[in-house]
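Read through the structure below, which is laid out as structure tokens, and then see the notes.
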Amino acid sequence: MKKEQDYIKDITEIRSMMERSTKFLSLTGISGVMAGIYALIGAYLVYRFFYRNSSTDFFTTVTGGEINGSLWNMIFLAFAVLILSVGTAVFFSFKKAGKSGEKLWNASARRLIINMAIPLVAGGLLTLVFLTKGLFALVIPVTLIFYGLALTNAGKFTFEEMKSLGIIQIFLGLLAAYFLEFSLLFWAFGFGVMHILYGIYMHLKYEK
Amino acid sequence: MKTIIDGLYKAFENRVRLGIMAALAVNETLEFTALKEYLDVTDGNLASHMKALEKEKFVGVKKSFIDRKPNTRYYMTTQGKKAFEEHLNTLESIIKAQK
């Protein structure tokens, strides 16, 4: 005959198993903070070297144009920020998974990646289309909106809070599309400040 | 069906089996290797528990080949779902009654 304590343990086990087998919980707050810092540095560099001394105003024009040298630099910078952020997230997740004795690349991780990848790849391709058509100004709002969609989708497969972060990013993307002249500011706020705030919040809530 | 008290299934007394049922309750199907990782048990241990649950017809097996490698996927049967739910409800009411 089992005791009450055993029944409570049974329920705890059931709850943890249901969560572990559906949600990827090896993400860390610190990855969010780092991604935010990279994004802020990237946005600052764009502002410093391209925004202020750009003769053709590709941040506000939607009438088309050629991809020139400084635009290539910006695309390169954006990729650098992306790769650094993803790399940092993988590194810290790997450490966290190792600490809790779990494998990083499990069924929940795969599910999270696939569900995030669908909106992200769609957004990435749309960005490329815009770049080739010279619609440079729309790139910033589109990256925010599709990233937001990806996070909203991902919320089901990892920490719930990711959904709220996603909705905020979508909202910022829409604002950036309407107020095109401030789009870089919205981008820096979404990818930079929001990531840092989210990272700190998650760290305090789950890793303390 | 064997039950300890009304509504508590003997088949779910073991915590590994409870874990298997919990994981299958929220996943359509799960591979043997995935279950093994979640539960942190050996191949033989998991296989014997799966056999027991299969015998009760609480879980079903789908065997196939992926790239010529055998692939075993488990799913929860309707019968298993019903039993697991009843088991959970009973656990809940026992704890409530003792509070």
Side-chain angles (χ1 to χ4, degrees), chain A residues 1-28 89-90 92-118 152-163 206, chain B residues 3-41 46 49 53 58-59 66 71-76 80-81 83-99:
Chain A
M1 201 51 207
K2 284 191 182 182
K3 282 204 216 77
E4 184 197 352
Q5 286 301 321
D6 293 313
Y7 292 131
I8 292 174
K9 250 191 204 146
D10 278 2
I11 290 192
T12 316
E13 164 73 19
I14 291 168
R15 194 167 288 151
S16 118
M17 179 55 67
M18 283 176 158
E19 199 169 76
R20 249 185 304 153
S21 67
T22 47
K23 289 178 175 250
F24 181 73
L25 301 175
S26 296
L27 285 174
T28 59
V90 170
F92 283 110
S93 294
F94 185 73
K95 269 180 55 176
K96 189 176 172 186
K99 225 185 263 171
S100 56
E102 280 174 40
K103 288 214 175 103
L104 181 63
W105 189 239
N106 57 20
S108 335
R110 274 194 289 279
R111 203 161 9 196
L112 173 67
I113 299 287
I114 291 167
N115 281 283
M116 264 189 105
I118 295 167
T152 316
N153 215 17
K156 277 172 270 174
F157 307 99
T158 178
F159 297 101
E160 282 274 320
E161 287 83 351
M162 210 171 245
K163 216 174 264 178
Y206 293 104
Chain B
T3 54
I4 318 164
I5 321 173
D6 243 6
L8 276 192
Y9 286 80
K10 189 130 178 71
F12 303 149
E13 209 181 352
N14 180 290
R15 213 157 276 154
V16 174
R17 286 188 211 166
L18 211 53
I20 295 170
M21 293 306 277
L24 289 177
V26 286
N27 288 283
E28 227 172 294
T29 64
L30 277 178
E31 281 176 31
F32 187 86
T33 45
L35 272 172
K36 206 181 83 170
E37 262 173 44
Y38 292 141
L39 292 156
D40 200 20
V41 288
L46 179 60
H49 284 304
L53 289 172
F58 288 158
V59 300
I66 294 176
N71 178 272
T72 313
R73 306 189 68 93
Y74 292 97
Y75 61 92
M76 197 184 248
K81 217 164 265 177
F84 187 58
E85 243 162 61
E86 206 186 323
H87 190 84
L88 284 187
N89 289 337
T90 316
L91 278 182
E92 208 177 50
S93 53
I94 289 173
I95 290 165
K96 257 189 209 149
Q98 284 173 342
K99 277 236 166 100

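Order of the sequence lines fixes the chain letters, A, B, ..., with proteins taken first and strands second; residue numbering starts at 1 for each chain.
With a 6.0 Å radius and a threshold of 12 heavy atoms from other residues, nucleotides or ligands, A/Phe94 has its CZ atom at or below the threshold. Within a 6.0 Å sphere centred on CG of B/Asn89, heavy atoms belonging to other residues, nucleotides or ligands number more than 12.
Using a 4.5 Å heavy-atom threshold, the side chains of B/Arg15 and A/Asp6 count as touching. Residues A/Met17 and B/Val26 fail the side-chain proximity criterion, which asks for heavy atoms closer than 4.5 Å.
Distance check, rounded to the nearest 0.5 Å: CZ of A/Arg15 to CG of B/Leu88 gives 10.0 Å. Within the model, atoms CD1 of B/Ile95 and CD1 of A/Ile11 stand 3.5 Å from one another, a figure rounded to the nearest 0.5 Å.
Between A/Ser21 and the options B/Leu35, B/Asn27, B/Leu39, a side chain to side chain contact (heavy atoms under 4.5 Å, CB included) holds for only B/Asn27.
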Discussion item. Between A/Ile14 and B/Phe12, is the side chain to side chain contact (heavy atoms under 4.5 Å, CB included) condition met? List the steps.
Written reply: CA-CA 11 Å; A/Ile14 291 168; B/Phe12 303 149; over 6 Å; no
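Both the backbone and the side chain of B/Ala23 come within contact range of chain A, with heavy atoms under 4.5 Å apart. Neither the backbone nor the side chain of A/Ser16 comes within less than 4.5 Å of any heavy atom in chain B.
Contact record, B/Tyr38 with A/Ala107: OH-CB, 3.5 Å, taken as the closest heavy-atom pair.
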